[in-house]
Protein chains: 2
Amino acid sequence: MKIFTFDTTLRDGTQGEAVSFSVEDKIVIAQKLDELGIDYIEGGWPGSNPRDKEFFARAREVQFKHAKLTAFGSTRFARNRVDQDPNVRQLLEAGTPACSIFGKSWDLHTQRALGITEEENLVLIGETVKYLTDHGKEVVYDAEHFFDGYTSDPSFALRTLEAAKNAGASVLCLCDTNGGTLTGRLVEILAVVRQRFDGIIGIHCHNDSDVAVANTIAAVEAGVTHVQGCFNGYGERCGNANMASVLPNLEIKLGHTTIGPERLASITSVARFIAELANLSVRNDQPYVGRSAFAHKGGVHVSAVLKDSATYEHIRPDLVGNRQRVLLSDLSGRSNILYKLKQHGLIDRLDDAAHRELLERIKHMEFMGYELEAAEGTFELLVREALHPGTNLFEVVSYETATKGSAKQESQTVATVTLKAQDGIHSATATGHGPVNALDLCLRQCLSQLYPEISNVRLTDYKVRVLDSKKGSAAKVRVLVEWSDHKRSWATVGVSDNVITASWHALLDAIKLELMRMMEKDETIARVVEDYCWGV
Amino acid sequence: MKIFTFDTTLRDGTQGEAVSFSVEDKIVIAQKLDELGIDYIEGGWPGSNPRDKEFFARAREVQFKHAKLTAFGSTRFARNRVDQDPNVRQLLEAGTPACSIFGKSWDLHTQRALGITEEENLVLIGETVKYLTDHGKEVVYDAEHFFDGYTSDPSFALRTLEAAKNAGASVLCLCDTNGGTLTGRLVEILAVVRQRFDGIIGIHCHNDSDVAVANTIAAVEAGVTHVQGCFNGYGERCGNANMASVLPNLEIKLGHTTIGPERLASITSVARFIAELANLSVRNDQPYVGRSAFAHKGGVHVSAVLKDSATYEHIRPDLVGNRQRVLLSDLSGRSNILYKLKQHGLIDRLDDAAHRELLERIKHMEFMGYELEAAEGTFELLVREALHPGTNLFEVVSYETATKGSAKQESQTVATVTLKAQDGIHSATATGHGPVNALDLCLRQCLSQLYPEISNVRLTDYKVRVLDSKKGSAAKVRVLVEWSDHKRSWATVGVSDNVITASWHALLDAIKLELMRMMEKDETIARVVEDYCWGV
């Protein structure tokens, strides 16, 4: 059955504490959601803040292929005439084909938040919906707090739906705004609504009880045909139902049609893209699209999965554009890494000494606190160095970096690096925005003569984590640097009790890897590394 | 109704990609879970790795007040006699009152993973359960992949349960090992099992379809009385049902008895404690226990919540030891922060100029990319400085830090700081483990004469995040430093395009705050800050 999809990442999603998008981000995300085949994209609340208003102004220039852009707002204020309500007016001005408006279904809210009678509330709902439909808008009516409202006063809650329906709303969307309703109760109430109303019923769940996705799925099983949610479960407090989980569940598990199987295969990349613009990471353990969603760590699981992946995977990862990973850990041993190398015939290319040394190096790095699973770049370099034991790109003679600041002057960072390469000693000094930038500049300057084709791989993220926090500011830290060449991205890692040293090692690995890749375009290595670590 | 709780954070939880505990950590967590009133604590798989074996050896010296420590293992290997199976032997040697063993319910696994017939599998199950009960163990039988197994061959799946039951298992726990079963289907299958078997049925869900908590709750509504899960939803791939969500749902929403309402009020602190030992943070948006679980950002929500918190909160946050927060953002404006100050009478203590300056400083910091919600220390300092505009603790004249390294020598970091205080100029030079440590040492050295009581507040975490990744290694970064005085913890923040400068600002704020707190023990300020930002 066709289930309509309504994405509110750009509206309810931005109510999440950590989530913030620029207008530009919002435009790009809306286009991405359109390509993905989402039916309605709720872009914001034009009456609530200037950023959302600007978004709708700019969105008029965008041609959406499939999605209906939707502006969000509330029923008119009690004291305003509907045609003079600023909030309603801005809904019209947003110029979207559809509007979603929320109204009160809960007597507590009608009395406490609005301070009006129940009858007055029904008038607000009816008038606002009618005014918008009269002006050619498709109206999605969001029944705020429907389940709490129903529990408090069933007949009033149902009458609010009636008011919206009679005024021409095309969807009656039941919202569990506080996220407090458990699945059993939700389904009970839905059965009553389904019996009373034909047409499209929608569902909008929050995750405060950790059941938002399950509630959304159960609602569809109970006859709902319009689902609302946010990518990566963003949203107020604990977030909204996660679209990146709802869609695969509906398509793969229940056989409904949402965005179709072809587009579903890009849902992992869309989830990651949106997270990147939010400046957040997709949670590793996020269902379907997370990096760990098909990652196997336990020894029993690993050995079974290698025999038949259906034994420990609930779906084929490629259906959602994700992939299987097998992890190193003391539970499964470093045999996994070797297994991967063997599988691609790389072990046979190592002589005994190189093989032994590779093992020793991996062992030592694990002991030091490196995590190779998260650092595909550092792992790739290890493998490349093992395969080409003679390669000596350059040696570091010395490096230093100093930062000075004073009351009168902005701080300044200088670095000096001296390297020994095949053609002699190179030194460079550079000022930079902080030590990583300054050292990076020095390294590239030193190497540019010998390797003029050295490209400017871009640093995209820099993360520092304390490994043993008991030691205070003397604790060991792990620095993870993410790099991109605009086609793919990878990470390198450094560990030290000194954040500068750790950063330096990560930087050095990135530069060495760039050079190794330039010199030996070995596709097998790229495949093994990708297979093992999976760059974005 | 009493629902038995079975926590597997220490076993299934450690299969999560990012989760790793030392033996010491595991002992401390087990004690914490015992205090919380958990009924069964699964401590590990002694037959699978030396760390878990050592854990059980050390756990013998621990007196548990309530919980039954449980060792995990599998049914005997097909080729071994049960009394000679090393895995079964190690279960006995673990010396725990209870054992959980998993057996195969899915014909696919019996054939593909074990390579034995279905009849042989029934013998393995029966013999292993009987051998353990004969040796005085309480046996929890984990029916691995029960729901997939039932779907593939219902009669075989049910016969495996029969084999375990007849051999004396006290709990038949149905596992959705791959996490692929949706709630509707799970409840259908449970109804059949419930009809066939009396006694205690258990449930063990994974979160691959994002419905693990809902499935666990639905299972209880269908007659299950033993629930398994991990704190913070740790576990293989996408994790297990989150205990910190399951328990509040069962107790508060459904009125069952698990750990009781008094202990439930410490569940937030237990979740955070376990996360800290895992070296992870509790996700901000984690239901019930996350920092954002009762945080309000949208303007409409904020104003309603201030009138009546039931309007947008599904439970009273103190029932789970959490609390309400009201957030700053462009959606609700900086009025929230002022509201808090007003509420506690602090605004009245500010003169007009101080009031204006505080506003300006907050505005400027937001513009720069500071996030005050996450940095209670920096916010507290702002307020304290506004209240005491004359206070001039010290001025920074200059600071510098340099790191040098070479091929032959480990890198070394030196810092020099010069301050002007009331009693003149102070300079100090120190070497340290990295720049933050070295600068910290210098600052404390400079101030120790004037403020001998300056305490050694401990750095507990140090996080760096790139704010505008488009600029590569010249990007602006935000440094968040977490501090603790062993009683409470707080964070300070610095933003700059130079990681050293950003760290320096965060460090400086921490030191200033320490001094301000020493000088003015104003409990009102502490309450406002706590109220607004909520330190751990």
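Protein chains get the first letters and strands the later ones, always in sequence-line order, with residue 1 at the start of each.
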Under 4.5 Å from any heavy atom of chain B, what part of [X] do you find: side chain, backbone, both or neither?
X        : value
A:His145 : side chain
A:Leu441 : neither
A:Ala218 : neither
A:Gln286 : backbone
A:Asn207 : both
A:Arg283 : side chain
A:Trp106 : side chain
A:Thr403 : both

Calculate, to the nearest 0.5 Å, the distance between atoms [atom1] and [atom2] belonging to [X] and [Y] respectively.
X        : Y        : atom1 : atom2 : answer
A:Ile500 : B:Ile500 : CD1   : CD1   : 4.0 Å
B:Asn249 : A:Leu182 : CG    : CG    : 5.0 Å
B:Arg237 : A:Phe294 : CZ    : CZ    : 9.0 Å
A:Ser411 : B:Tyr399 : OG    : OH    : 3.5 Å

Report which part of B:Leu254 has an atom under 4.5 Å of a heavy atom belonging to chain A: side chain, backbone, both, or neither.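 The answer is the side chain of B:Leu254.
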Atom group of B:Ser209 that falls short of 4.5 Å from chain A, counting heavy atoms: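 Answer is both: backbone and side chain atoms of B:Ser209 are under 4.5 Å from chain A.
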Dump the intermediate steps for side chain to side chain contact (heavy atoms under 4.5 Å, CB included) on A:Val499 and B:Val464, then the final yes or no. CA-CA 11 Å; A:Val499 68; B:Val464 180; 5.9 Å; no
I'd like to know which of A:Thr401, A:Val417, A:Thr183 tops the heavy-atom pair count under 4.5 Å against chain B.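 Result: the option with the highest number of such pairs is A:Thr401.
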Is it the case that A:Ser398 and B:Ser406 place a side-chain donor and acceptor less than 3.5 Å from each other?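 Absent: no donor and acceptor within the cut-off.
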Please find the pair of heavy atoms, one from [X] and one from [Y], that lie closest to each other, and give the distance.
X        : Y        : result
B:Pro435 : A:Asn498 : CD-OD1, 3.6 Å
B:Pro287 : A:Asp208 : CB-O, 3.3 Å
B:Ala293 : A:Cys238 : CA-SG, 3.6 Å
A:Ala295 : B:Glu17  : CB-OE1, 4.1 Å

Can you confirm whether or not the ring centre of A:Phe147 sits under 6.0 Å from the ring centre of B:His314?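 Centroid distance A:Phe147-B:His314: not below 6.0 Å, so no.
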Counting heavy-atom pairs under 4.5 Å with chain A, which one of [options] comes out on top?
options                                : value
B:Gly432, B:Gly239, B:Ala214, B:Ala502 : B:Ala214
B:Arg185, B:Glu410, B:Glu221, B:Lys253 : B:Lys253
B:Lys408, B:Glu400, B:Gln412           : B:Glu400
B:Gly405, B:Ser503, B:Ser245, B:Ala212 : B:Gly405
B:Ala407, B:Ala241, B:Ala415           : B:Ala407

With B:Tyr312, which of A:Glu236, A:His206, A:His109 fulfils side-chain contact (heavy atoms from CB on, under 4.5 Å)?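 The residue from A:Glu236, A:His206, A:His109 that satisfies side-chain contact (heavy atoms from CB on, under 4.5 Å) with B:Tyr312 turns out to be A:His109.
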